[in-house]
Amino acid sequence: MPRFYLTTAIDYANGDPHLGHALEKIGADVIARYHRLAGFDVHLLMGMDEHGQKVQQTAAALGVTPLAFADEIATRFQAMWARLNVQYDQFIRTTDTHHKVGVQALIRRIAERNPDDFYERSYRGLYCVGCEAFKQDADIVDGRCLLHPTRTLEEVEERNWFFRLSKYQPFLQALLASNPSYIEPESRRNEILGLLAQGLEDVSASRSRLDWAVPFPLPLSSGERQGTYVWFDALPNYLTATGFPEAGFETRWPADVHIIGKDITRFHAVIWPAMLEAAGLPLPKQVWAHGFVQLGGERFSKSAGVKLDLGEAIDRYGVDAFRYVLLREVPFDADGNFSWERFEERYTSDLANAFGNLASRATAMVEKYCDAIVPAAVQPAAESGDALDITAYHAALDGKHGWLLHDGLSAVARMTARANEYTQATAPWQLAKDAGKRADLEQCLASLIRRLARQAVLLSPFMPDKAEALWTQLGAPGKACEQRFAALDRLDVTGWRVAKGEGLFPRPLPPKP
RNA sequence: GGUCCGGUAGCUUAGUUGGUCAAAGCGCUCGACUCAUAAUCGAAGGAUCGUGGGUUCAAGUCCCACCCGGACCA
């Protein structure tokens with residue numbers, strides 16, 4: 001069975017999961033579920049990034065150990081992924097012993113193979129005593145730290161280990177020239193190409209005053225031991241999760257795709273492949289940078305109070321409706337918008353009116369006209385008009401042309417619309433009045449059930465529970481998630497006993513929040 | 001300040017290499033139907049394609065400048 005290893009960004013243990021996290025995790029889950037239906041041995045990795053001063057400081061402020069704090073945050077994230085029905089195969093935490101061992105092994109391996117790649121250099125920056133951290137320009141306003149505006153920033157110099165990233169510029173340029181799909185979508189690749197054209201700076205790999213970190217395995221010439229700086233700790237999680245450095249990690253590594261947010265493209269497209277090349281390890285096959293979700297047209301932020309309560313969004317119409325609307329509304333290759341208004345519109349038009357009602361009318365007619373037993377279809381290919389949409393669906397999800405999950409949903413929506421048109425045009429309720437048209441009636445109803453069954457399977461990566469619910473209502477054997485795309489063409493619905501149940505996506509709407 | 005991405009009907013978006021390219025879905029209006037979750041089907045209306053220049057016989061589609069939104073870098 002072919003393997004498929006995909007990862008999401010590990011989330012920083014500083015705050016609760018929000019809409020942006022949810023988009024990435026649900027998207028990755030859809031891709032994973034799709035590949036299971038396509039017959040792959042799928043491994044979806046998710047996890048937490050738990051080191052660094054912010055975690056340490058927040059924990060200290062709460063009077064708990066950093067690890068206890070990280071445990072709490074990890075528990076909250078995992079609980080949210082469970083609610084969102086995100087089915088990961090592995091959850092890594094950078095505080096896992098194995099990860100720390102792996103990070104150190106990777107650094108040593110680089111140092112052994114390319115002794116020049118790590119070197120000592122002094123780092124100079126603006127240091128905030130309040131934060132006990134160096135501040136970047138984004139965190140500085142009027143020469144003051146945003147969080148501690150009453151204190152003055154000090155210019156501090158320290159010696160650190162640096163990684164000779166600049167050395168890998170030709171390698172990275174050649175990589176993108178020979179393998180353009182290494183970074184997708186194209187807009188993000190262009191960004192990186194521009195960055196490479198400007199020239200790369202070496203990056204620091206260790207920092208002093210970094211106590212809550214993986215100890216950097218090489219001591220400085222002064223004897224000082226420092227903590228591993230963020231990217232050398234976080235990025236290797238994709239590798240250490242496979243068991244590295246222990247033998248056997250190669251069975252999973254390299255990853256097929258890293259699903260990340262566009263804000264961290266640079267680290268995944270530049271630093272990470274350079275690190276792997278330095279270590280003589282295979283590169284991941286692709287980095288996919290999705291866009292951001294805006295909320296009602298505004299960027300959500302804690303400070304501005306623009307945020308969406310994920311629990312509320314899930315409770316609104318159920319987790320599957322939320323997953324559907326989020327991925328239908330937000331293109332997976334660009335920024336998108338989410339609002340309660342759109343949620344209502346999408347739920348009502350796509351799910352309740354089009355899809356749910358199609359299931360309702362079709363099962364009702366089989367019950368009414370055929371004693372609930374799906375008749376044998378005379379022309380099993382009556383729905384051949386769906387072929388193009390099924391092709392489009394796979395093109396959106398198989399990764400060969402990017403991961404355009406929203407296009408996959410559009411394709412299924414067209415199939416649903418076509419089935420409703422077919423129903424209207426054939427008017428089985430009229431055929432039922434004429435015994436001489438019995439064959440036409442049975443043909444129509446069998447076709448509708450077949451279409452619904454196929455749509456249930458195609459939608460199951462997006463809406464796992466609803467797909468199963470429909471599968472059951474149709475009287476289909478087994479489970480929707482156990483089907484294989486390859487066998488879907490030949491799906492025979494003859495003799496299924498339908499059982500029209502509760503509406504899949506009921507109206508009327510509950511009151512607005 | 002630099003780089004990149006986006007700015008097309010009320011909303012969300014399609015629009016290969018310039019020439020039926022002004023398109024689709026939702027919403028709104030009208031008509032049809034009654035199996036169904038007052039759902040469905042059909043039809044109509046609706047855009048000076050961010051702004052201003054330029055290239056061209058011909059430009060959302062190429063060039064320049066500017067405005068707005070976003071990401072990254074400095």
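So you know, we letter chains A, B, ... as the sequences are listed, proteins then strands, and number each from 1.
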Set of salt bridge (Lys or Arg N to Asp or Glu O under 4.0 Å) partners for A/Arg328, sequence neighbours left out
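In terms of salt bridge (Lys or Arg N to Asp or Glu O under 4.0 Å), with neighbours along the sequence ignored, A/Arg328 is linked to A/Asp350.
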Should A/Arg316 and A/Glu312 count as an ion pair when the cut-off is N to O under 4.0 Å?
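A/Glu312 and A/Arg316: not salt-bridged.
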Can a salt bridge be assigned to the pair A/Lys25 and A/Asp11 using a cut-off of 4.0 Å between side-chain N and carboxylate O?
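Yes, charged N to carboxylate O under 4.0 Å.
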Mutual orientation of the aromatic rings belonging to A/Phe118 and A/Phe163 [parallel < 30°, tilted 30-60°, perpendicular > 60°]
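Rings of A/Phe118 and A/Phe163: tilted, 30 to 60°.
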All pairs passing side-chain hydrogen bond (donor to acceptor under 3.5 Å, both in side chains) where residues 424-434 of chain A contributes a residue, at least two apart
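Listed by first then second residue: A/Arg361-A/Gln424.
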Could you check which of [options] has an atom nearest any side-chain atom of [X]?
{"X": "A/Glu191", "options": "B/C26, B/G42, B/C72", "answer": "B/C72"}
{"X": "A/Trp429", "options": "B/C72, B/C33, B/C41", "answer": "B/C33"}
{"X": "A/Arg266", "options": "B/C72, B/U37, B/C35", "answer": "B/C72"}
{"X": "A/Met365", "options": "B/C35, B/A36, B/C5", "answer": "B/C35"}
{"X": "A/Asn190", "options": "B/C73, B/A36, B/C5", "answer": "B/C5"}
{"X": "A/Lys433", "options": "B/U34, B/C73, B/C11", "answer": "B/U34"}
{"X": "A/Arg342", "options": "B/A39, B/U12, B/A36", "answer": "B/U12"}
{"X": "A/Glu421", "options": "B/C73, B/C41, B/U37", "answer": "B/C41"}

Distance-only donor-acceptor test (3.5 Å): side chain A/Asn353, base B/A39
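Looking at the base of B/A39, it does not pair with any donor or acceptor on the side chain of A/Asn353 (distance under 3.5 Å).
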Distance-only donor-acceptor test, A/Glu329 side-chain atoms vs B/U12 base atoms, 3.5 Å
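There is none.
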Between [N] and [M], how far apart are the two [atom1] atoms, rounded to whole Å?
{"N": "B/U29", "M": "B/G10", "atom1": "C1'", "value": "14 Å"}
{"N": "B/A65", "M": "B/G19", "atom1": "P", "value": "25 Å"}
{"N": "B/U12", "M": "B/U20", "atom1": "P", "value": "27 Å"}
{"N": "B/C73", "M": "B/C11", "atom1": "P", "value": "33 Å"}

Could you say whether A/Asp335 or A/Glu201 is positioned toward the 5' end of RNA chain B, judged by the nucleotide with the nearest heavy atom to each?
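Per heavy-atom nearest nucleotide, the more 5' residue is A/Asp335.
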Along RNA chain B (nearest heavy atom to each residue), the more 5'-positioned of A/Gly194 and A/Ala417
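Its nucleotide being nearer the 5' end, the pick is A/Gly194.
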What's [X] touching, base or sugar-phosphate or nothing? Going by heavy atoms closer than 4.0 Å.
{"X": "A/Ser360", "result": "base"}
{"X": "A/Arg414", "result": "nothing"}
{"X": "A/Leu504", "result": "base"}
{"X": "A/Ala352", "result": "base"}
{"X": "A/Phe505", "result": "base"}

Rounded distance in Å - CG (A/Leu404) to P (B/U12):
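So the two atoms are 20 Å apart, to the nearest Å.
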If I take atom CG in residue A/Asn357 and atom P in nucleotide B/C33, what distance separates them, rounded to the nearest angstrom?
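Going from CG in A/Asn357 over to P in B/C33 covers 18 Å.
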What does [N] pair with, Watson-Crick or G-U, if both distances are under 3.5 Å?
{"N": "B/C21", "result": "none"}
{"N": "B/C62", "result": "B/G54"}
{"N": "B/C4", "result": "B/G70"}
{"N": "B/A39", "result": "none"}
{"N": "B/G27", "result": "none"}

Syn or anti for B/G31 (syn when the glycosidic angle lies within 90° of 0)
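The base of B/G31 is oriented anti (glycosidic angle more than 90° from 0).
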Are A/Lys262 and A/Phe292 in a cation-pi contact, defined as NZ or CZ under 6.0 Å from the six-membered ring centre and within 45° of the axis?
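Yes, A/Lys262 lies over the aromatic ring of A/Phe292.
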Side-chain donor-acceptor contact under 3.5 Å, A/Thr265 with A/Glu191
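No - no donor-acceptor pair under 3.5 Å links their side chains.
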